[in-house]
Amino acid sequence: MSLPYDKAIPSNTLLSVATDAARQAGAVLTECVRTGFRIEHKEIINLVTDADHQAEQRIIDVIHAAFPTHRVLAEERGLTKQSPSRYKWVIDPLDGTTNFAHRFPAYCVSIGVECDGRGIIGVVYDPTRDELFTAQIGHGAYLNGAPISVSTANHLDRALLVTGFAYDIRETQNNNLNHFVRFALKVQGLRRTGTAALDLCYVAAGRFDGFWEVTLNPWDMAAGVVILREAGGKVTDFKGAPHSIYGKELVASNGSIHQAMLDLLQEDATPS
Ligand code: IPD
Ligand code: CA
Ligand code: CA
(Lines give C-alpha, C1' and ligand atoms only; values in the text may rest on other atoms or scores of the structure.)
(Ligands and ions follow the chains in the order given, each with its own letter.)
Protein backbone atom coordinates (compact mmCIF):
# COMPACT_ATOMS: atom_id res chain seq x y z
CA MET A 1 0.00 0.00 0.00
CA SER A 2 1.48 3.35 -0.95
CA LEU A 3 1.77 6.15 1.57
CA PRO A 4 0.26 9.61 0.95
CA TYR A 5 3.56 11.49 0.72
CA ASP A 6 5.38 8.74 -1.07
CA LYS A 7 4.09 8.95 -4.62
CA ALA A 8 5.03 6.44 -7.31
CA ILE A 9 8.09 7.55 -9.24
CA PRO A 10 8.63 6.74 -12.92
CA SER A 11 11.36 4.14 -13.16
CA ASN A 12 13.34 6.16 -15.69
CA THR A 13 13.56 8.99 -13.14
CA LEU A 14 14.92 6.54 -10.56
CA LEU A 15 17.35 5.19 -13.16
CA SER A 16 18.66 8.62 -14.04
CA VAL A 17 19.26 9.54 -10.36
CA ALA A 18 20.96 6.16 -9.77
CA THR A 19 23.15 6.68 -12.85
CA ASP A 20 24.11 10.19 -11.78
CA ALA A 21 24.97 8.95 -8.27
CA ALA A 22 27.04 6.04 -9.62
CA ARG A 23 29.00 8.24 -12.02
CA GLN A 24 29.66 10.83 -9.31
CA ALA A 25 30.83 8.12 -6.90
CA GLY A 26 33.04 6.68 -9.66
CA ALA A 27 34.65 10.11 -10.06
CA VAL A 28 35.27 10.20 -6.28
CA LEU A 29 37.04 6.82 -6.49
CA THR A 30 39.15 7.92 -9.45
CA GLU A 31 40.16 11.09 -7.62
CA CYS A 32 41.12 9.06 -4.53
CA VAL A 33 43.36 6.84 -6.68
CA ARG A 34 45.04 10.00 -8.02
CA THR A 35 45.48 11.80 -4.70
CA GLY A 36 45.83 8.87 -2.28
CA PHE A 37 43.63 7.43 0.46
CA ARG A 38 43.83 5.97 3.95
CA ILE A 39 43.22 2.27 4.62
CA GLU A 40 41.69 0.92 7.84
CA HIS A 41 41.17 -2.70 8.84
CA LYS A 42 37.62 -3.65 9.85
CA GLU A 43 39.03 -7.14 10.48
CA ILE A 44 42.34 -8.78 9.63
CA ILE A 45 41.66 -9.16 5.87
CA ASN A 46 38.59 -6.88 5.61
CA LEU A 47 39.59 -3.35 4.61
CA VAL A 48 37.83 -0.06 4.30
CA THR A 49 39.29 3.11 2.78
CA ASP A 50 38.48 6.81 2.78
CA ALA A 51 37.26 6.26 -0.75
CA ASP A 52 34.50 3.86 0.41
CA HIS A 53 33.20 6.49 2.84
CA GLN A 54 33.50 9.44 0.47
CA ALA A 55 31.82 7.61 -2.42
CA GLU A 56 29.02 6.43 -0.12
CA GLN A 57 28.42 9.97 1.16
CA ARG A 58 28.24 11.29 -2.40
CA ILE A 59 25.67 8.66 -3.41
CA ILE A 60 23.49 9.32 -0.37
CA ASP A 61 23.64 13.09 -1.00
CA VAL A 62 22.49 12.62 -4.60
CA ILE A 63 19.66 10.27 -3.59
CA HIS A 64 18.39 12.43 -0.75
CA ALA A 65 18.54 15.62 -2.84
CA ALA A 66 16.12 13.93 -5.25
CA PHE A 67 14.12 11.73 -2.85
CA PRO A 68 14.40 12.90 0.77
CA THR A 69 11.95 10.29 2.10
CA HIS A 70 13.55 7.20 0.56
CA ARG A 71 15.25 4.61 2.74
CA VAL A 72 18.91 3.82 2.10
CA LEU A 73 20.82 0.65 3.01
CA ALA A 74 24.50 1.40 2.44
CA GLU A 75 27.39 -0.95 3.26
CA GLU A 76 29.41 1.36 5.46
CA ARG A 77 26.55 3.21 7.14
CA GLY A 78 23.80 0.61 7.39
CA LEU A 79 20.14 1.62 7.13
CA THR A 80 20.08 5.41 7.20
CA LYS A 81 16.34 6.14 6.92
CA GLN A 82 13.69 4.42 8.98
CA SER A 83 10.86 6.22 7.17
CA PRO A 84 8.03 4.00 5.87
CA SER A 85 8.89 4.76 2.24
CA ARG A 86 8.06 2.20 -0.46
CA TYR A 87 11.54 2.78 -1.90
CA LYS A 88 14.83 1.44 -0.60
CA TRP A 89 18.20 2.13 -2.21
CA VAL A 90 20.79 -0.61 -1.62
CA ILE A 91 24.33 0.64 -2.12
CA ASP A 92 27.85 -0.67 -2.32
CA PRO A 93 29.92 2.48 -2.84
CA LEU A 94 33.05 0.47 -3.67
CA ASP A 95 32.69 -3.19 -4.54
CA GLY A 96 36.20 -4.59 -4.76
CA THR A 97 37.82 -2.69 -1.90
CA THR A 98 40.78 -5.08 -1.63
CA ASN A 99 41.50 -4.62 -5.35
CA PHE A 100 41.15 -0.84 -4.99
CA ALA A 101 43.50 -0.73 -2.01
CA HIS A 102 46.11 -2.59 -4.06
CA ARG A 103 45.39 -0.44 -7.14
CA PHE A 104 44.30 -3.53 -9.04
CA PRO A 105 41.78 -2.06 -11.50
CA ALA A 106 38.74 -4.27 -10.84
CA TYR A 107 36.18 -2.45 -8.73
CA CYS A 108 32.89 -0.65 -9.18
CA VAL A 109 30.00 1.31 -7.66
CA SER A 110 26.75 -0.65 -7.24
CA ILE A 111 23.31 0.91 -6.69
CA GLY A 112 20.04 -1.01 -6.62
CA VAL A 113 16.53 0.33 -5.97
CA GLU A 114 13.68 -1.66 -4.44
CA CYS A 115 10.01 -0.69 -4.56
CA ASP A 116 7.75 -2.54 -2.11
CA GLY A 117 10.60 -5.01 -1.52
CA ARG A 118 11.18 -5.86 -5.17
CA GLY A 119 14.37 -4.94 -7.05
CA ILE A 120 13.39 -2.65 -9.93
CA ILE A 121 16.57 -0.75 -10.87
CA GLY A 122 20.22 -1.79 -11.09
CA VAL A 123 23.19 0.43 -11.91
CA VAL A 124 26.82 -0.73 -11.73
CA TYR A 125 29.60 1.62 -12.80
CA ASP A 126 33.21 0.59 -13.44
CA PRO A 127 35.19 3.84 -13.46
CA THR A 128 38.47 2.37 -14.70
CA ARG A 129 36.88 1.13 -17.93
CA ASP A 130 34.08 3.72 -18.03
CA GLU A 131 31.55 0.88 -18.27
CA LEU A 132 28.03 1.60 -17.04
CA PHE A 133 25.69 -1.39 -16.66
CA THR A 134 22.03 -0.45 -16.22
CA ALA A 135 18.63 -2.12 -16.03
CA GLN A 136 15.02 -1.25 -15.20
CA ILE A 137 12.68 -4.14 -14.57
CA GLY A 138 10.86 -5.06 -17.78
CA HIS A 139 13.10 -2.92 -20.01
CA GLY A 140 16.21 -5.04 -20.61
CA ALA A 141 19.82 -4.58 -19.57
CA TYR A 142 22.39 -2.26 -21.12
CA LEU A 143 26.11 -1.60 -21.19
CA ASN A 144 26.85 2.04 -22.02
CA GLY A 145 23.40 2.23 -23.63
CA ALA A 146 23.73 -0.90 -25.82
CA PRO A 147 21.58 -3.96 -25.03
CA ILE A 148 23.36 -6.92 -23.42
CA SER A 149 22.37 -10.55 -23.02
CA VAL A 150 23.73 -13.70 -21.44
CA SER A 151 25.85 -16.29 -23.28
CA THR A 152 24.61 -19.47 -24.93
CA ALA A 153 27.18 -21.89 -23.43
CA ASN A 154 25.29 -25.02 -22.46
CA HIS A 155 27.95 -27.26 -20.97
CA LEU A 156 30.41 -26.74 -18.11
CA ASP A 157 33.25 -27.85 -20.45
CA ARG A 158 32.58 -24.70 -22.48
CA ALA A 159 31.91 -22.38 -19.53
CA LEU A 160 34.03 -19.64 -18.00
CA LEU A 161 32.85 -19.30 -14.40
CA VAL A 162 33.67 -16.88 -11.63
CA THR A 163 33.37 -17.04 -7.86
CA GLY A 164 34.48 -15.20 -4.74
CA PHE A 165 35.37 -15.75 -1.11
CA ALA A 166 33.96 -13.97 1.91
CA TYR A 167 36.09 -12.31 4.57
CA ASP A 168 35.34 -15.13 7.04
CA ILE A 169 37.27 -17.62 4.85
CA ARG A 170 39.62 -18.45 7.74
CA GLU A 171 36.88 -18.86 10.34
CA THR A 172 34.35 -21.15 8.68
CA GLN A 173 34.43 -24.49 6.87
CA ASN A 174 31.63 -23.21 4.64
CA ASN A 175 34.23 -21.06 2.88
CA ASN A 176 33.68 -22.13 -0.74
CA LEU A 177 37.07 -23.83 -1.14
CA ASN A 178 35.43 -27.25 -1.61
CA HIS A 179 33.17 -25.90 -4.38
CA PHE A 180 36.09 -24.07 -5.97
CA VAL A 181 38.17 -27.25 -6.26
CA ARG A 182 35.27 -29.25 -7.68
CA PHE A 183 34.33 -26.59 -10.27
CA ALA A 184 37.97 -26.09 -11.28
CA LEU A 185 38.06 -29.69 -12.52
CA LYS A 186 34.79 -29.41 -14.49
CA VAL A 187 34.85 -26.06 -16.32
CA GLN A 188 36.80 -24.48 -19.15
CA GLY A 189 38.06 -21.74 -16.85
CA LEU A 190 37.46 -20.37 -13.37
CA ARG A 191 38.21 -16.83 -12.18
CA ARG A 192 38.09 -14.82 -8.94
CA THR A 193 37.89 -11.10 -9.75
CA GLY A 194 37.16 -9.74 -6.24
CA THR A 195 34.08 -7.73 -7.22
CA ALA A 196 30.76 -9.55 -7.00
CA ALA A 197 28.71 -6.74 -8.56
CA LEU A 198 30.89 -6.77 -11.69
CA ASP A 199 30.85 -10.58 -11.72
CA LEU A 200 27.04 -10.44 -12.01
CA CYS A 201 27.24 -7.82 -14.78
CA TYR A 202 29.81 -9.89 -16.66
CA VAL A 203 27.44 -12.89 -16.61
CA ALA A 204 24.72 -10.50 -17.85
CA ALA A 205 27.00 -9.37 -20.69
CA GLY A 206 28.00 -12.93 -21.66
CA ARG A 207 31.64 -12.47 -20.57
CA PHE A 208 31.18 -15.12 -17.90
CA ASP A 209 28.70 -18.00 -18.16
CA GLY A 210 28.07 -18.42 -14.44
CA PHE A 211 28.91 -17.09 -10.97
CA TRP A 212 28.33 -18.46 -7.50
CA GLU A 213 29.22 -17.30 -4.03
CA VAL A 214 28.45 -18.70 -0.56
CA THR A 215 28.20 -15.56 1.58
CA LEU A 216 27.24 -12.26 -0.02
CA ASN A 217 25.52 -9.17 1.37
CA PRO A 218 22.50 -7.31 -0.05
CA TRP A 219 24.66 -4.44 -1.36
CA ASP A 220 26.87 -6.85 -3.34
CA MET A 221 23.86 -8.24 -5.23
CA ALA A 222 21.02 -5.66 -5.33
CA ALA A 223 21.95 -3.99 -8.63
CA GLY A 224 23.60 -6.95 -10.33
CA VAL A 225 20.69 -9.36 -9.99
CA VAL A 226 18.30 -6.88 -11.66
CA ILE A 227 20.81 -6.43 -14.49
CA LEU A 228 21.34 -10.18 -14.83
CA ARG A 229 17.64 -11.04 -14.92
CA GLU A 230 16.97 -8.30 -17.47
CA ALA A 231 19.78 -9.73 -19.63
CA GLY A 232 17.99 -13.11 -19.67
CA GLY A 233 19.98 -14.76 -16.89
CA LYS A 234 18.86 -16.88 -13.97
CA VAL A 235 19.58 -16.40 -10.27
CA THR A 236 18.68 -18.72 -7.38
CA ASP A 237 20.03 -19.98 -4.09
CA PHE A 238 22.11 -23.20 -4.00
CA LYS A 239 18.96 -25.39 -3.95
CA GLY A 240 17.41 -23.67 -6.96
CA ALA A 241 14.90 -21.74 -4.83
CA PRO A 242 14.06 -18.09 -5.62
CA HIS A 243 16.89 -15.74 -4.83
CA SER A 244 16.70 -12.99 -2.21
CA ILE A 245 19.40 -10.37 -1.75
CA TYR A 246 18.77 -10.82 2.01
CA GLY A 247 19.86 -14.47 1.82
CA LYS A 248 23.59 -15.16 1.54
CA GLU A 249 23.92 -17.69 -1.28
CA LEU A 250 23.85 -16.85 -4.94
CA VAL A 251 23.99 -18.93 -8.10
CA ALA A 252 23.81 -16.81 -11.24
CA SER A 253 24.07 -18.08 -14.79
CA ASN A 254 23.04 -17.82 -18.41
CA GLY A 255 20.22 -20.27 -17.57
CA SER A 256 21.56 -23.09 -19.77
CA ILE A 257 24.22 -24.27 -17.29
CA HIS A 258 22.22 -23.44 -14.16
CA GLN A 259 21.14 -26.98 -13.29
CA ALA A 260 24.67 -28.31 -13.85
CA MET A 261 25.97 -25.67 -11.43
CA LEU A 262 23.31 -26.54 -8.83
CA ASP A 263 24.08 -30.27 -9.17
CA LEU A 264 27.75 -29.65 -8.58
CA LEU A 265 27.11 -27.38 -5.57
CA GLN A 266 24.81 -29.99 -4.03
CA GLU A 267 27.31 -32.80 -4.58
CA ASP A 268 29.82 -31.43 -2.12
CA ALA A 269 27.48 -29.44 0.11
CA THR A 270 29.13 -28.53 3.40
CA PRO A 271 26.96 -28.60 6.53
CA SER A 272 26.78 -25.00 7.81
C1 IPD B 1 33.47 -8.16 -1.71
C2 IPD B 1 33.63 -8.43 -3.19
C3 IPD B 1 34.19 -9.81 -3.42
C4 IPD B 1 33.33 -10.88 -2.79
C5 IPD B 1 33.15 -10.60 -1.31
C6 IPD B 1 32.58 -9.20 -1.12
P7 IPD B 1 33.74 -5.55 -0.98
O8 IPD B 1 32.89 -6.88 -1.51
O9 IPD B 1 32.40 -8.32 -3.87
O10 IPD B 1 34.26 -10.12 -4.80
O11 IPD B 1 33.95 -12.12 -2.97
O12 IPD B 1 32.28 -11.58 -0.81
O13 IPD B 1 32.44 -8.94 0.26
O14 IPD B 1 34.11 -5.81 0.43
O15 IPD B 1 34.92 -5.41 -1.87
O16 IPD B 1 32.72 -4.47 -1.12
CA1 CA C 1 30.84 -5.60 -1.88
CA1 CA D 1 32.15 -2.41 -0.51
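Atoms within a ligand are numbered from 1 in the order they appear, just like the ligands themselves. The chain is numbered in sequence order, starting from 1.
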Can you find an N or O of Ala197 that's nearer than 3.5 Å to an N or O of ligand 1?
-> no
Looking only at protein heavy atoms, identify the closest one to atom 6 (C) of ligand 1 and say how far it is in Å.
-> Asp220 OD1, 4.0 Å
Do you see an N/O/S atom of Asp220, backbone or side chain, under 3.0 Å from the Ca ion (ligand 2)?
-> yes
Taking just the N, O or S atoms of Glu75, which one is nearest to the Ca ion (ligand 3)?
-> OE1
For the Ca ion (ligand 3), does an N/O/S atom of Asp92 lie at less than 3.0 Å?
-> yes
Return the orientation label for the Phe100 and Phe37 ring planes: parallel under 30°, perpendicular over 60°, tilted otherwise.
-> tilted
Return yes when Trp219 approaches ligand 1 closer than 4.0 angstrom through a heavy atom, no otherwise.
-> no
Does any donor atom in the side chain of Thr152 or Asn154 lie under 3.5 Å from an acceptor atom in the other side chain?
-> no
Option nearest atom 11 (O) of ligand 1 (shortest heavy-atom distance, choices Glu213, Glu76, Glu75) = Glu213
Check each heavy atom of Asp95 against ligand 1 and say whether those closer than 4.0 Å belong to the side chain, the backbone, both or neither.
-> both
So is Thr163 in contact with ligand 1, going by heavy-atom distances below 4.0 Å?
-> no
Of the choices Gly164, Gly224, Gly194, Ala101, which has the non-hydrogen atom that lies closest to atom 2 (C) of ligand 1?
-> Gly194
N, O or S from Asp95 under 3.0 Å to the Ca ion (ligand 3) = no
What about Arg192: any of its N or O atoms under 3.5 Å from an N or O on ligand 1?
-> yes
Ligand 1 versus Leu216: contacting region, heavy-atom distance under 4.0 Å = side chain
Could you find the nearest protein heavy atom to atom 15 (O) of ligand 1 and give me its residue, atom name and distance?
-> Gly96 N, 2.7 Å
Classify the side-chain pair Asp52/Thr49 by whether it contains a donor and acceptor separated by less than 3.5 Å.
-> yes
Any chance you could measure Leu14, atom CG, to Ile111, atom CD1, to the nearest 0.5 Å?
-> 12.0 Å
Does the N or O separation between Asp92 and ligand 1 drop below 3.5 Å for any pair?
-> yes
Is Asn254 reaching over with its side chain to a backbone N or O of Ala153, donor-acceptor style, under 3.5 angstrom?
-> yes
among protein heavy atoms, the one nearest atom 13 (O) of ligand 1 is Tyr167 CE1, 3.5 Å
Once the angle between the rings of Phe208 and Tyr202 is folded into 0 to 90°, is it parallel (under 30°), tilted (30 to 60°) or perpendicular (over 60°)?
-> tilted
Between the Ca ion (ligand 3) and Leu94, is there an N, O or S atom separated by less than 3.0 Å?
-> yes
Are the charged groups of Asp199 and Arg192 less than 4.0 angstrom apart, N to O?
-> no
